[in-house]
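Written out below as C-alpha cells is the structure these notes cover.
Side chains are part of it too, since the values below use all heavy atoms of this structure and drop only hydrogens, waters and symmetry mates.
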Amino acid sequence: MKEDEKDKTPQMIIAGTNLLVLIAYTIYFHTQKDELIIIGEAFLIVIQIIICLVTAIFVYRKEFLLSAALVLLIGFSTCWVVFTQYN
C-alpha cells in the first residue's frame, strides 16, 4: 500500500461511518408519518455534530472536522426536505 493511500484510509472510514449513521436515522425518521419528526432528526444531527467536534479535539482532527461539516450540510439538507414534505 502506498503512503498516500494509508493517509486517506482513516479519513474515508470516519466520514463514511458518520454518513452511514446519518443515513440510518434519516431513513428511520422518514418512515415515521408524524409532523414533528423534524425535531427528532434535528436533535440527532446536532448531537452527531457535537460528538464529531469533541472527538476532533482528541484524535483525527481533520477527519472529524470534515465529518462534522458533511453531517451539518447533508443533515440540514435532508432535514429541510423532510420538513417541506409535510408542509
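For the pair Leu53 and Ala68, the tightest heavy-atom approach, listed with the atom from each and the gap, is CD2-CB, 3.9 Å. Closest non-hydrogen pair, Ser67 versus Ala15, comes out as OG-CA, 3.3 Å.
The cluster map of Ile, Leu, Val, Met, Phe, Trp and Tyr, joined by side-chain heavy atoms under 4.5 Å apart, puts Ile23 and Leu66 in different clusters. Follow the hydrophobic side-chain contacts under 4.5 Å out from Ile51 and you never reach Val46; the two are in separate clusters. Grouping the Ile, Leu, Val, Met, Phe, Trp and Tyr side chains by contacts below 4.5 angstrom, directly or via other members, places Ile27 apart from Val21. Under a hydrophobic-cluster definition in which Ile, Leu, Val, Met, Phe, Trp and Tyr are linked whenever side-chain heavy atoms come within less than 4.5 Å, directly or via other members, Leu44 and Ile74 are assigned to the same cluster.
Taking the side chain as every heavy atom from C-beta outward, Asn18 and Leu70 never approach each other to under 4.5 Å. When side chains are defined from C-beta on, Cys52 does not count as touching Leu65, because their heavy atoms never get closer than 4.5 Å. Phe64 is listed as a side-chain neighbour of Ile14, based on a closest heavy-atom distance under 4.5 Å.
Remark: side-chain polar atoms of Glu41 are not paired, donor with acceptor, to backbone N or O of Tyr25 under 3.5 angstrom.
With values rounded to the nearest 0.5 angstrom, Leu72 atom CG is found 8.5 Å from Ile45 atom CD1.
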